[in-house]
Amino acid sequence: MFRLLKTILLWDLLQGLWVTFRNQNPKYICTEQYPAERPKIAERYRGAPRLNINPDNGETLCIACNLCALACPENLIVVGSARNEETRRKELSTFTYDTSRCMFCGLCEDACPVDALELTQDFELASYTRDGAIWDRQMLEEGPKPSKYLS
Amino acid sequence: MAESTFLDANELVLNMGPQHPSTHGVLRVILKLDGETVTGTECVIGYLHRGVEKIAENRTYIQFAPYVDRMDYVAAVSNGLGYCLAIEKLLNIEAPPRAQAVRVILTELNRITSHLLWLGTHALDIGAITPVFYCFRDREEALKIFENYCGARLTTHAFRIGGLQYEVYDGFEQEVRAFCDMFIPKVDEYEELLTNNRIWVNRLKGVGVLTGDECKEYGVTGPVLRAAGVKWDLRKAQPYSGYEQYDFDIPTAQNGDTYDRYTVRMEEMRQSVRIMRQAIEKIPSGPIMAKVGKVVKPPMGEAYVSIEAPKGELGYYVVSDNSTQPYRVRVRPPSFVNLQALDRMVRGGLIADVVAIIGTLDIVLGEVDR
Amino acid sequence: MADEEIPANAAPPEGAPPKAAPPKPAAAAAAGAHAPPKPPPSMAATPWESPLTGSLKQAFGDQISQYSTYLGQNFIVANAESIGSILDFLKLEADFDYLVDVTAVDYPKAEKRFELVYILYSFASNERLRVKIHVADGTKPPTAVNVHVGANWLEREIFDMFGVEFEGHPDMRRILLPEEWTGFPLRKEYSILQQDDRWVKENLGIESGH
């Protein structure tokens, strides 16, 4: 009897409508106004790779040990090194990182013994060309510079 | 001899997918129809095949770990856990208790995100537009915890062989607690929207029945098996990663129809919150990584380890030849095996129910095709 | 090899006086120990005994050649021809009613190169068991579909990936790969680059740069 009344009075419908009505409350709004607002990115976010430089003298931290290239599952890191005749040490000459194949697993930064290679919070990696996705040493040190369409 | 024309034929062959929104990816189902009744199906799969098992043979054990996240991409943490447990079994080591507790929390959180995605899309298939927004809104909260913990939202690569790579961040416990407190009323809210809704009930009750015996015959596991009344959950049957310490129930239902699978999954989300609450209270202190060398090189041998993924039994059969690369990695994907039962479930039903049944099986094509 | 021949050649001149006789077997033993550098490492599986193995031995005798356990996981090695009856026996008599997985491992150097692994689970006793059979390239093992319906797609996948055909299977076609695919990807000799090379050559007309 009670059930019949519920059915006739569309109780289930009203119940659902009440839920949707409650959710009209502006405090439930969760849309992010990207790109007008920058989204909040986690500290450990694994985004664009960066080759850190020593802030004191502007030299790269990378010691060209090639461990990141060995750790990479996709084999997309190529480390070029040359021996400096003066200091008798191996120094980084080129560093190529193919972000088009990268899956941002973070194994390269785990492998790096000197914290030179790091996956940063930058996430705007889109590029108009395929070549643009292959980053050289300069780009890795400076970071991506996405075009800004909104001031 | 009279020529038969298409008008004489009772059977109509209809192609559903691979780009059909309700097939949840790229599943193609060839339906044989008599009027509106389905008389037979054939699944065409493999559109998303990437050869994960072949990739495994060409990577080291450590390097292969990120790839497993890409199979069941809505439950990447579970995939990673299964893989890590399998290699740990081969190495005959166990993750430290602290790592195990964090693993349990993240895996249960992942079960919730997976079920939320299922609920949203399943309701969308049936025609209820609203739940998907709420589900994705709340799923976002869980994904934020993943992002804060390991730096990725979907393909997390959260666990490493032997334990964890990352220590939990400051505020992890508060965030998980806040999520637990927030989430239980939300589940009630979804239930308010759907459980009694007459369209929902009429569309789901008695549709796609699969009995317990049929489930066992086909090897169907997970919520589909439990909805058929078989109280079986690997977390209880063969506990791994310290699940035996936690107190939780295995939700079951009796009829094995689509509606029961819905209720089972809703209850599973509540149970996951229960496990997380217990685990977060007693995360032991200590190391997060067992003694594993930089190079993982298990002794010659083989092991099969399976876990209860959100979709069912996810197993890894790994053969080692005492080198740094696995000789063979076989993934026992729950979605692939469960999808096989689709034919039995839709046969004799109506064409509109096919959508409901594909939705209720909760398949992820990334895992079916690998 | 050069190291081993030196003591072997050095032994005969020393072998003439009787007191040098003892070094000869020692040298031979040392050479013997070095000639195969190590015994080829194999799985350190231990024999497995239980009531189930007793009943299996009684029912199948020499059809099952090995009962082993490794890392707490039991497996048996059986003859390929009797796999159907073994699975049937295990299902009906021992309650192994859930076929978890069927898979294969390729050992190209072995005489019977494919090792087919049937992973079974018993709901009643909460136990797992692996049944292995060895199959040579080209021979057709009997299908398990008659015992476990769920083996259908799993066996199709093995055919797809390894090229092992199953006798009596209702629908032996490729499942994941397209019908026109050549080769069987999970065989060890199948290189992941060859497909890529061919595709690039056919469709782009250039050499693949990897």
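A, B, ... follow the sequence lines: proteins, then strands. Residue 1 opens every chain.
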Between A:Leu17, A:Thr20, A:Val19, the one whose heavy-atom pairs under 4.5 Å with chain B are most numerous: A:Val19
Heavy-atom pair count under 4.5 Å with chain A, highest-scoring of B:Asn196, B:Thr130, B:Ile55: B:Asn196
Atom group of A:Leu70 that falls short of 4.5 Å from chain B, counting heavy atoms: backbone
Heavy-atom pair count under 4.5 Å with chain A, highest-scoring of B:Leu194, B:Asn197, B:Val201: B:Asn197
Under 4.5 Å from any heavy atom of chain B - which part of A:Gln121: neither
Polar side-chain atom of B:Arg198 near backbone of A:Leu13 as donor-acceptor pair, under 3.5 Å: no
Part of A:Leu119 within contact of chain B (heavy atom distance under 4.5 Å): neither
Pick from B:Tyr67, B:Tyr169, B:Tyr166 with the largest number of heavy-atom pairs that fall under 4.5 Å of chain A: B:Tyr67
N/O donor-acceptor pair under 3.5 Å between A:Glu43 side chain and B:Asn148 backbone: no
Residue A:Ala71 versus chain B: region with a heavy atom under 4.5 Å: backbone
Donor-acceptor pair, side chain of A:Arg44 and main chain of B:Tyr149, under 3.5 angstrom: yes
Heavy-atom neighbours of B:Asp170 CG exceed 12 at 6.0 Å: no
Segment of B:Gln165 engaging chain A (4.5 angstrom heavy-atom cut-off): side chain
A:Arg46 side chain vs B:Gly151 backbone, donor-acceptor pair below 3.5 Å: no
